[in-house]
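In what follows, a structure is listed as structure tokens, so that the remarks can point back to it.
Remember, it's 1-based here, ligands and their atoms both numbered in the order they're listed.
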Amino acid sequence: MLIRGNLVHCPELGQLDILRDFVLAVDESGRVSYVAPANRPESQQMLADAAEPPLVIEQGSFLIPTFCDLHLHAPQFLYQGTGLHLPLMEWLDEYAFKAEEGLDNDPVLADKVYKRLATRLIENGTGAVLLFGTIKTETNLILARVMQEAGIRGFVGKLSMDISSRPSYMEESAEASLSEARSFSERCCDLVAHLPDHERLVHPVLTPRFVPTCSDELLEGLGQLSAQADLRIQSHMSEAHDELEWVQRERGSHDIDIFAKHGLLTPRTVQAHCTFLDPPLLTQVAEYETAIAHCPLSNAYFSAKPFRLREALQLGVKVGLGTDIAGGYDVDVLSCMRHAVAISRMREGERIVATAGTSAEQETNLSIDWKEALYLATRGGAIALGLPSGTGSFSVGSPFDAQCIRLFDARTGEGVGALDFFDDLSERQVLSVDSIEKWWCLGDTRNRQQVWVQGKMIKFGC
Ligand code: GUN
Ligand code: FE
């Protein structure tokens, strides 16, 4: 496939590249095999030799990498947008566990909820998603199958929990839980074993829910399993007051120390939230090369304070963004980026103590801007998941995971969706950083025309 048009990506934090009138080729395996300005002789030759006419992205539109949602509870999509009046531990008892148990007992409902979730993810430009599922293996296999069939890169976590406030919703013992985690991982891989490597979109992830639902024995076993089988790990860490108080009271420790002790902080790990980690503890996370899924909306409800995003980035922690459905109620990563920026801006004026190399207190810009948020939602998430080099940007060898965004009609100058432009159309023939910012602030599903994952189109037309 050959494409000609404007490309936009963020290869580094804070860097927004607008590649105007480029040619991009995608090979048989869905990887980018060529990307260069259209006016290069080589590009001209490719256009002239193409067996099929290239896909032309018209003026007023551009391609951008798909979003990565680094933290989403698939079964909680069932009650997304309800019940956010309770603190975390009560909310889990009252809503989360019940809903998850409900899906584990009703595979038809699970199939329906997960298919609708997949539709919403594609509509919102999410090409890769790190998912928390439920306890039961079969329900997680439904989730994996739905994501694979929808063409979404799905990292699926069967919950491991041998402790629960809801006796009907937990596994019998650490041993039983470990055996199910092993079994799910194998069966999830079996699901796609007949496909060539590049078409295998779903992968199992070890998922100790969080310290309060996992015994030391279970955590230890999962740490060992991850090391033996080279499996990714995800969990929740240092999210809320009531959670940390529980861990201190019942386990006499801080959750980061418990995860570390059991070998669960690895370069393959993504920890959600980490709101209560100060710079010395964030330094530890960086040293373990563990990634953090920053979930700004759910933090606003459950965490009572903002995540130290700027400090984490400065300390070299890998960070991506998560919607945390249903602790966050919005599946749209574009909204998640806006929340991340808005919350970070509320921290302006705070002073931080520099940790690396100096003891002096220094003024640091604690807010992030929209370009940095875009990086976190694309490249940042891909790095956190350990996806092939270059994923989340347009570079040769990376999978072609992209979305086509339409800002305005090139003929009439009429803005699409909520975008209104009042300047001269001729100025807009050249894609500007201002128009991209306007989309970032005001855009929605109406601006999304197509989505591709691994070179395959998974949505066309709105
Ligand atoms: N901690 C443990 N489980 C959950 C969950 O389902 N949602 C959130 N936000 N935090 C959790
Ligand atoms: Fe969560």
Report yes or no: does a heavy atom of Phe132 sit under 4.0 Å from some atom of ligand 1?
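It does not, in that no heavy atom of Phe132 comes within the 4.0 Å cut-off of ligand 1.
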Look at ligand 1 and say whether Glu243 reaches it with a heavy atom at a distance under 4.0 Å.
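No, Glu243 has no heavy atom closer than 4.0 Å to ligand 1.
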With Leu143, the side chain to side chain contact (heavy atoms under 4.5 Å, CB included) member among Thr134, Leu103, Val156:
Val156
Show your reasoning for whether salt bridge (Lys or Arg N to Asp or Glu O under 4.0 Å) applies to Arg187 and Asp190.
CA-CA 5 Å; Arg187 293 177 67 188; Asp190 287 349; over 6 Å; no
For ligand 1, which atoms have a heavy atom of [X] less than 4.0 angstrom away?
X: Phe210; value: 1 (N), 2 (C)
X: Leu88; value: 8 (C), 10 (N), 11 (C)
X: Leu92; value: 2 (C), 3 (N), 4 (C), 5 (C), 6 (O)
X: Asp324; value: 8 (C), 9 (N)

Could you tell me whether some N/O pair between Glu239 and ligand 1 is separated by less than 3.5 angstrom?
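Yes: some nitrogen or oxygen of Glu239 is under 3.5 Å from one in ligand 1.
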Does Ser298 reach ligand 1 with a nitrogen or oxygen that is under 3.5 Å from one of the ligand's nitrogen or oxygen atoms?
no
Over 12 foreign heavy atoms within 6.0 Å of CD, Glu172:
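Counting other residues, nucleotides and ligands, CD of Glu172 stays at 12 neighbours or fewer.
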Restricting to salt bridge (charged side-chain N to carboxylate O under 4.0 Å, His left out), what partner residues turn up for Lys305, sequence neighbours left out?
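If we apply the salt bridge (charged side-chain N to carboxylate O under 4.0 Å, His left out) test to Lys305, skipping adjacent residues, there are no hits.
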Set of residues satisfying salt bridge (charged side-chain N to carboxylate O under 4.0 Å, His left out) with respect to Glu175, sequence neighbours excluded
none
Would you list the protein N, O or S atoms within less than 2.8 Å of the Fe ion (ligand 2), leaving out water?
His71 NE2, His73 NE2, His236 NE2, Asp324 OD1
From the options Glu138, Glu186, Glu171, select the one residue that forms a salt bridge (Lys or Arg N to Asp or Glu O under 4.0 Å) with Lys158.
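Among Glu138, Glu186, Glu171, the one that satisfies the salt bridge (Lys or Arg N to Asp or Glu O under 4.0 Å) with Lys158 is Glu171.
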Can you tell which of Arg166, Arg209, Lys136 makes a salt bridge (Lys or Arg N to Asp or Glu O under 4.0 Å) with Glu100?
Arg209
Residue pairs, two or more places apart or on separate chains, that pass salt bridge (charged side-chain N to carboxylate O under 4.0 Å, His left out) and touch residues 214-226
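Of all non-adjacent pairs touching residues 214-226, those that pass salt bridge (charged side-chain N to carboxylate O under 4.0 Å, His left out) are Asp216-Arg251.
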The single option from His241, His236, His254 passing ring pair (Phe, Tyr, Trp, His ring centres under 6.0 Å) against Phe276
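Testing Phe276 for a ring pair (Phe, Tyr, Trp, His ring centres under 6.0 Å) against His241, His236, His254 leaves exactly one candidate, His241.
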List the closest protein heavy-atom neighbour of atom 3 (N) of ligand 1: residue, atom name, distance to the nearest 0.1 Å.
Arg209 NE, 2.8 Å
Can you see whether Thr139 engages Asp104 through a side-chain donor-acceptor pair at a distance of less than 3.5 angstrom?
yes
Derivation and outcome, side-chain contact (heavy atoms from CB on, under 4.5 Å), residues Phe77 and Arg120
CA-CA 10 Å; Phe77 185 66; Arg120 293 279 177 251; 3.7 Å; yes
Should the proximity of Trp91 to ligand 1, defined as any heavy atom under 4.0 Å, be assigned to the side chain, the backbone, both, or neither?
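Trp91 to ligand 1: side-chain contact only, backbone stays beyond 4.0 Å.
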Once you restrict to heavy atoms under 4.0 Å, what part of Thr213 touches ligand 1? Side chain, backbone, both or neither.
neither
Would Val341 and Ser367 count as a side-chain contact (heavy atoms from CB on, under 4.5 Å) if you check the C-alpha gap in whole Å, the side-chain angles of each, and the deciding distance to 0.1 Å?
CA-CA 7 Å; Val341 170; Ser367 65; over 6 Å; no
Which residue from Gln76, His71, His73, His236 reaches closest to atom 11 (C) of ligand 1 through any of its heavy atoms?
His236
